[in-house]
Structures are given as structure tokens and as C-alpha cells.
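Here's the structure, in C-alpha cells; my notes come after.
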Amino acid sequence: MAKTKIKKPRRPRAETPRGFRDYFGQDVLQRNAMLARVAEVYHAHGFDPLESSAVETVEALGKFLPDVDRPNEGVFAWQDEDETWMALRYDLTAPLARVYAQHRRDLPNPYRRYAMGPVWRNEKPGPGRYRQFYQCDADTVGAGSVAADAEMCAMLGSALEATGIAADDYVIRVNNRKVLNGVMEVAGVLNPEDPEADAHARGIVLRAVDKLDRLGVSGLRDLLGAGRRDESGDFTEGAGLSPDQIAVILGFTDARRENGTATCAALRDLVGVSKAGLEGVQELETIAELLTAQGPAERIIIDPSVVRGLGYYTGPVFEAELTFEILDEKGRRIQLGSVAGGGRYDDLVTRFTGEKVPATGVSIGVDRLLAGLRAKGRLADNTQGPVVVTVMDRDRTADYQAMAAELRAGGIRAEVFMGGGNMAKQLKYADQRVSPVAVIEGGNERERGVVQIKDLALGARLAANIETHDDWKAQPAQMEVVRSDLVAEVRAMLARAGG
RNA sequence: GCCGGCGUAGCUCAGUUGGUUAGAGCGCCUGAUUGUGGAUCAGGAGGUCAGUGGUUCGAGACCACUCGCUGGUACCA
């Protein structure tokens with residue numbers, strides 16, 4: 001290097017932090033519209049809205065303490081002035097457990113609430129995975145009956161359809177943790193007398209079963225046995241089960257039959273010897289009956305391979321999945337996974353009160369569902385901008401404001417140009433906003449009591465055929481109207497453009 | 001966390017065995033057009049070649065490390 005460069009002071013980088021996103025107009029409008037539809041369904045079923053704080057104490061959130069060794073995982077947490085550990089909520093269920101425990105004397109029983117909003121997870125982001133995302137939940141706290149679980153499944157179906165998912169574009173797969181526990185008893189990795197033993201192996205079994213649809217039977221077999229090495233060379237620890245034990249698990253995951261009744265009968269044969277397993281099968285049978293009565297039975301599949309993570313679920317679990325293919329901008333298939341899920345968690349409030357409080361709920365992954373709706377073209381196009389009233393004569397801003405106000409009073413979205421610059425700048429702005437119409441009134445028009453209104457979309461279409469400079473100057477998409485007819489004429493122009 | 005691929009202008013990319021002042025298209029700005037976006041033409045701005053260190057007479061290119069993105073995998077309340 002011959003030249004020595006003078007170092008400039010470093011400026012802050014204008015970047016969205018890693019794992020986060022900025023949502024612009026269209027995204028926000030589409031999400032709000034979708035959430036409003038889901039909320040309407042929840043509300044119609046009798047659930048009340050609840051907005052709890054975005055920050056909780058780490059103690060209330062539960063097991064995820066800040067981990068110095070693995071700062072990339074877990075919650076966003078910090079220590080308050082009084083040294084209490086605080087954290088951003090990582091889901092909407094843990095805060096509900098806290099709210100219920102705190103206010104249970106004043107809340108109706110059962111307490112039915114819905115909630116929606118962002119949650120935060122301090123994890124490594126991945127494709128389609130961010131560190132802030134939206135959830136939209138409904139839960140019933142204080143109802144132990146399977147009817148409450150069946151209601152969740154039915155309501156989830158209604159909510160999905162309300163957002164624009166067609167009845168044949170999704171399925172809800174239902175299983176029961178008790179059945180999973182039953183099969184693990186039969187396989188000899190769960191002893192009801194000593195429930196702590198073999199917990200590690202059970203974790204591996206559950207995770208492995210959860211991956212069945214992605215890895216296939218042979219991958220599952222490897223994970224249940226010695227372990228699995230994937231094509232990248234990475235090794236995943238196996239559960240170390242014997243061939244006989246593996247056969248029990250595989251027989252179970254293969255127990256899905258042509259309909260729910262047959263599946264339940266098959267499961268009864270497999271896990272009926274276990275008390276918990278039998279109870280789980282009976283619950284599944286009841287859910288299937290209730291859902292048949294409530295309507296959406298054909299969208300509901302009893303599927304033994306549904307696991308729903310390792311978390312707090314204690315009974316029925318379910319998962320909604322979109323059944324159509326989704327392609328990304330490069331035409332590749334996207335694996336969307338489940339867009340919603342839920343289940344029964346009877347132990348969550350116990351941490352606070354010592355009492356057993358049964359609860360069941362559903363959670364919709366808002367961003368995933370939006371991706372699905374977008375792929376299906378079921379989201380409204382909100383890109384169109386307002387009518388722009390251009391400013392020819394700066395001294396008469398009040399007159400222009402009056403025009404915009406008249407348009408708004410007539411139900412038309414409108415604004416006066418607030419920037420600086422000539423007519424070219426103003427129309428360029430309107431173009432960038434995807435404005436349908438621009439309004440122009442200069443001294444000329446003013447004297448004659450008229451205004452120019454310009455159909456911007458039509459102009460763009462006509463421009464494709466422009467050949468001479470005179471054509472370009474002709475402004476065929478523009479018309480002169482009487483000032484007092486402004487609102488009616490703009491409305492007519494919008495109607496022509498829209499139709 | 002583990003394994004791989006990739007980082008050149010706002011975007012998409014080219015850049016010869018290492019060799020002058022790093023290019024193109026699109027977009028942006030200005031003008032042709034002092035009252036008109038979108039067509040056309042002319043001109044212009046815009047780059048710490050991700051960063052740091054090294055090899056070399058000479059590095060955008062080669063080497064090492066770091067960071068970022070990306071594909072898979074693991075974890076996922």
C-alpha cells in the first residue's frame with residue numbers, strides 16, 4: 001500500500017439486529033387483518049382478551065435461567081436494580097399461568113382467555129426463524145374435561161378457515177401424551193413405579209418419533225437404537241433400545257389406520273395393558289366422538305406420531321398442518337411444518353399455587369400461517385396508496401387541505417403532498433406510493449373553478465404505447481372536472497380503475 | 001452447537017495464470033420538459049472489493065483467523 005488512508009470516524013451501521021425484522025405497511029396490515037379474524041373466532045367462542053406484560057420475572061417464567069455457558073440460547077434476560085432477574089416472555093402460556101395464579105380468586109372458573117402479541121427467544125435464528133415472532137393463543141384454565149380439548153381442536157379449525165385457509169388445505173393431527181407414555185411403558189423405558197428412571201432415553205424416543213415424517217422409518221430406527229449420522233457427518237445420539245423395544249415403538253408409530261375409530265382400536269391393542277395408555281386411548285376416542293358431533297371431524301386425524309416437543313403437555317396434544325406445497329422466491333419447496341398446535345398442560349399453575357389446575361390451550365404461529373396464506377394468495381393486497389393532492393401554490397395549502405378533507409369525508413384515503421419540489425417530484429412521489437389518483441389545481445384551474453384529476457395507473461398502462469414526445473406530453477389519463485364535483489369524480493375514477 | 005457453500009455499487013452479478021484509475025444491467029439523481037410520474041435520449045452520483053493479519057515488486061483474486069449470510073443438522077418452553 002503506497003498511500004496511507006485517513007481513517008474516517010466509524011458510523012453506526014443501520015442494520016436490523018440479527019434475527020429480527022422490520023415490518024412495513026403491507027406486512028402490518030395483513031397481520032392485523034389476520035389476527036382480527038382469529039380473535040373474532042376466539043371471542044365468539046366466549047374467550048376474553050388478555051394483555052399481560054411483555055416482561056416477566058425469570059422466576060415466574062420457569063426453568064430457563066440465563067445460561068452463561070450458552071448465551072445464545074434461552075430468553076432475553078437482565079438483572080433489575082434490586083437484582084431480580086427479568087426476561088422478555090418466550091411464549092404466552094407461561095405468563096397466563098402466572099396471571100391465573102395471581103388473580104384466580106377474582107377470575108371466573110374456568111377462565112377462558114385469548115392473547116396475541118410478540119414473543120422473544122434468544123436463540124440462533126435460521127431460515128424463517130426469528131428471535132421475535134407473533135403468537136395468537138386461546139386457553140381454558142380450570143377445566144379438566146376432554147370436552148375442553150375437543151373444543152380447542154374444533155375452534156382451531158374454525159380460526160384457520162376464518163383466516164382464509166380452505167377446508168381441504170389443512171389437517172389437525174391429534175395424539176395423547178398418555179398414549180405415548182403407555183407405549184413407553186410397554187417398550188420398557190417407563191416404569192410407573194419409578195417415573196424418573198430412563199428419562200433421558202424417553203426424551204430421545206419422543207424427539208425421534210417427532211422426526212418420523214422428515215427422517216422416515218429407517219432414520220427413526222437409527223435414532224431409537226445406536227444413533228444416526230446425517231449426510232453432513234454430524235452424529236445424533238440414539239436411545240440405545242434393543243430391537244424388541246424398537247419394534248414396539250415402530251409398531252406404535254405405524255398404528256394409524258384408515259379412520260379414527262380403527263386407529264384407536266389399534267392403539268388399544270398396543271398400549272391397553274398400561275393404565276395410562278388405556279386412559280389416553282379412551283380420551284382420544286371421546287375427542288373423536290365430540291369432534292364428529294361438532295363438525296370438523298374429517299379434518300381431524302388421530303395420529304400416533306404427534307409429539308409436540310418435550311414441554312409441559314400432560315394429555316391430548318394436537319398440531320395443525322397445511323397440506324399444500326409452498327415455494328419460496330427461488331421456486332424451492334419450503335417446509336412450513338405445523339402452523340398451530342396445543343394440548344393439555346395440567347401442571348403449569350401448580351408451580352405457583354401448589355394446587356393442581358387443569359388447563360388446555362391452542363397457539364397459532366402467526367408468521368408461519370401468514371407465509372402459508374401469502375403462498376396461497378389469500379392475503380388482501382394493501383399496497384395501494386392514498387389519493388395525492390399536489391401543491392402548485394404553496395400559499396394556498398389550506399385550499400389543498402380542504403380538498404383532502406373532502407375526499408376523506410367521502411371515504412377516500414387522501415393526503416396533501418408534504419414534501420418540497422416541483423410537479424415532477426410530486427407525481428414521482430405519488431407513483432412510488434402506488435397512488436391511484438393525483439389531484440392538480442393551479443392558478444389556471446382555480447380561476448375557472450376546475451381541477452385536474454389524473455388516473456395514475458391508467459397513465460402507466462398507456463405509457464407502454466408512447467412513441468413520440470408529443471404523445472408523452474398529451475396526458476391522456478388526465479381529465480378536468482368542476483371543483484365542486486371533486487369527490488364524486490375521483491370516486492368515479494377510482495371505480496373505473498378498480499373495475 | 002456441528003458440517004458445507006458464499007461475501008465485489010441500493011439490487012442482481014461480471015472481473016482472464018496475481019499486473020494501469022475495479023465494470024455492466026436495473027434502480028437512484030440531473031437535464032432535454034421553468035405545470036405532469038410512467039416511454040426515449042444525454043449526463044452524473046454511488047465501492048474501506050465483509051474485517052484483520054500474512055505471502056508478494058504488486059492482492060478483489062492466494063493463505064490464516066474473525067464477522068456476516070446461506071444450505072443441512074442438532075436444540076426448541
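Chain letters run A, B, ... following the sequence lines, proteins first, then strands; residues in each count from 1. When reading the values below, keep in mind they use all heavy atoms of this one structure, side chains included, and skip hydrogens, waters and symmetry mates.
Put simply, the side chain of Gln452(A) and the base of rU36(B) share no donor and acceptor less than 3.5 Å apart.
When the P atom is used for both rU55(B) and rG15(B), the distance is 29 Å, rounded to whole Å. rG23(B) and rG1(B) have their C1' atoms separated by 41 Å, given to the nearest Å. Comparing the same atom, P, in rG37(B) and in rC29(B) gives a spacing of 12 Å after rounding to whole Å. rG5(B) and rA22(B) are spaced 31 Å apart, taking the P atom of each and rounding to whole Å. Atom P of rC63(B) sits at a distance of 38 Å from the matching atom of rG44(B), rounded to the whole Å. Taking the C1' atoms as reference points, rG53(B) lies 23 Å from rC69(B), given to the whole Å. Taking atom P in both rA50(B) and rU16(B), one finds a spacing of 15 Å when rounded to whole Å. rA64(B) and rU12(B) have their C1' atoms separated by 31 Å, with the value rounded to a whole Å.
Between Tyr134(A) and Tyr23(A), the ring planes lie perpendicular to each other; the angle is over 60°, past the 30° to 60° tilted range.
Under the 4.0 Å criterion applied to side-chain N and carboxylate O atoms, Asp393(A) and Arg446(A) are not assigned as salt-bridge partners. Taking the charged nitrogens against the carboxylate oxygens, Glu319(A) and Arg173(A) do have a contact shorter than 4.0 Å, which makes a salt bridge. Ionic pairing of Arg483(A) and Glu406(A) is present here: one or more N-O contacts between side-chain nitrogen and carboxylate oxygen are shorter than 4.0 angstrom. No salt bridge links Arg21(A) with Asp27(A); every basic N to acidic carboxylate O contact stays at or beyond 4.0 Å. Ionic pairing of Arg448(A) and Glu480(A) is present here: one or more N-O contacts between side-chain nitrogen and carboxylate oxygen are shorter than 4.0 angstrom. Ion pairing between a basic and an acidic side chain is recognised when a charged N comes within 4.0 Å of a carboxylate O; Lys356(A) and Asp347(A) show such pairing.
For the pair Ile440(A) CD1 and rU36(B) P, the interatomic distance rounds to 9 Å; values are reported in whole Å. To the nearest angstrom, C1' of rG37(B) lies 11 Å from CD of Gln426(A). Atom pair Tyr313(A):OH and rC76(B):P shows a separation of 13 Å (rounding to whole Å applied). The separation between Phe133(A) atom CZ and rC76(B) atom P is 14 Å, rounded to whole Å. Distance, Leu206(A) CG to rC75(B) P: 12 Å, rounded to whole Å. For His200(A) and rC75(B), the NE2 to P distance is 11 Å, given to the nearest whole Å. In this structure, Leu96(A) atom CG and rA77(B) atom P are separated by 17 Å, rounded to whole Å. Atom P of nucleotide rC29(B) and atom CG of Asn422(A) are separated by 12 Å, given to the nearest angstrom.
Residue contacts for Ala430(A): at a heavy-atom cut-off of 4.0 Å it reaches no nucleic acid atom on any strand shown. Heavy atoms of Lys454(A) sit under 4.0 angstrom from at least one base atom. At the heavy-atom level, Glu445(A) lies under 4.0 Å from base atoms of the strands shown. Nucleic acid contact for Leu462(A): none, since no nucleic acid atom lies under 4.0 Å from a heavy atom of the residue. Residue Gln432(A) is out of contact with every strand shown, counting any heavy-atom pair closer than 4.0 Å. Here Asn444(A) lies in heavy-atom contact (under 4.0 Å) with a base.
Comparing rG35(B), rU30(B), rG37(B) by their closest approach to the side chain of Lys425(A) singles out rU30(B). The nucleotide whose nearest atom lies closest to any side-chain atom of Arg121(A) is, among rG37(B), rU73(B), rA77(B), rA77(B).
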Between protein and nucleotides 65-69 of chain B, what N or O pairs are separated by less than 3.5 Å?
from: rC69(B); atom 1: OP2; to: Arg18(A); atom 2: NH1; distance (Å): 2.1

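Both tests do not hold together for Arg131(A) against Phe20(A): distance to the six-membered ring centre under 6.0 Å, angle to the ring axis within 45°.
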In dot-bracket form, 5' to 3', how is RNA chain B paired? Count Watson-Crick and G-U wobble pairs only if both distances fall under 3.5 Å, and write | where the partner sits on another strand.
(((((((..((((.....[...)))).(((((.......))))).....(((((..]....))))))))))))....
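Contact annotation: Arg446(A) does not reach the phosphate of rG35(B) (side-chain N/O to OP1 or OP2, under 4.0 Å). Taking side-chain N and O atoms only, Arg207(A) has a distance below 4.0 Å to OP1 or OP2 of rC76(B). Side-chain nitrogen and oxygen atoms of Arg214(A) include at least one within less than 4.0 Å of the OP1 or OP2 phosphate oxygen of rU73(B). Taking side-chain N and O atoms only, Lys428(A) has no distance below 4.0 Å to OP1 or OP2 of rC28(B).
Of the N and O atoms on the side chains of Tyr313(A) and Asn175(A), not one donor lies less than 3.5 Å from an acceptor on the other residue. Inspection of the Arg112(A) and Thr140(A) side chains reveals an N or O donor paired with an N or O acceptor under 3.5 Å.
When each of Leu180(A), Leu190(A), Ile249(A), Ile246(A) is tested with Val205(A) by the rule side-chain contact (heavy atoms from CB on, under 4.5 Å), just one qualifies, namely Ile249(A).
Taking CE of Met152(A) as the start and CZ of Phe318(A) as the end, the distance is 7.0 Å to the nearest 0.5 Å.
For rA77(B), the base is not stacked against the aromatic ring of Tyr312(A), per a cut-off of 5.5 Å between centres and 30° between planes.
When the nearest nucleotides of RNA chain B are assigned to Asp91(A) and Gln478(A) by heavy-atom distance, the more 5′-ward of the two goes with Gln478(A).
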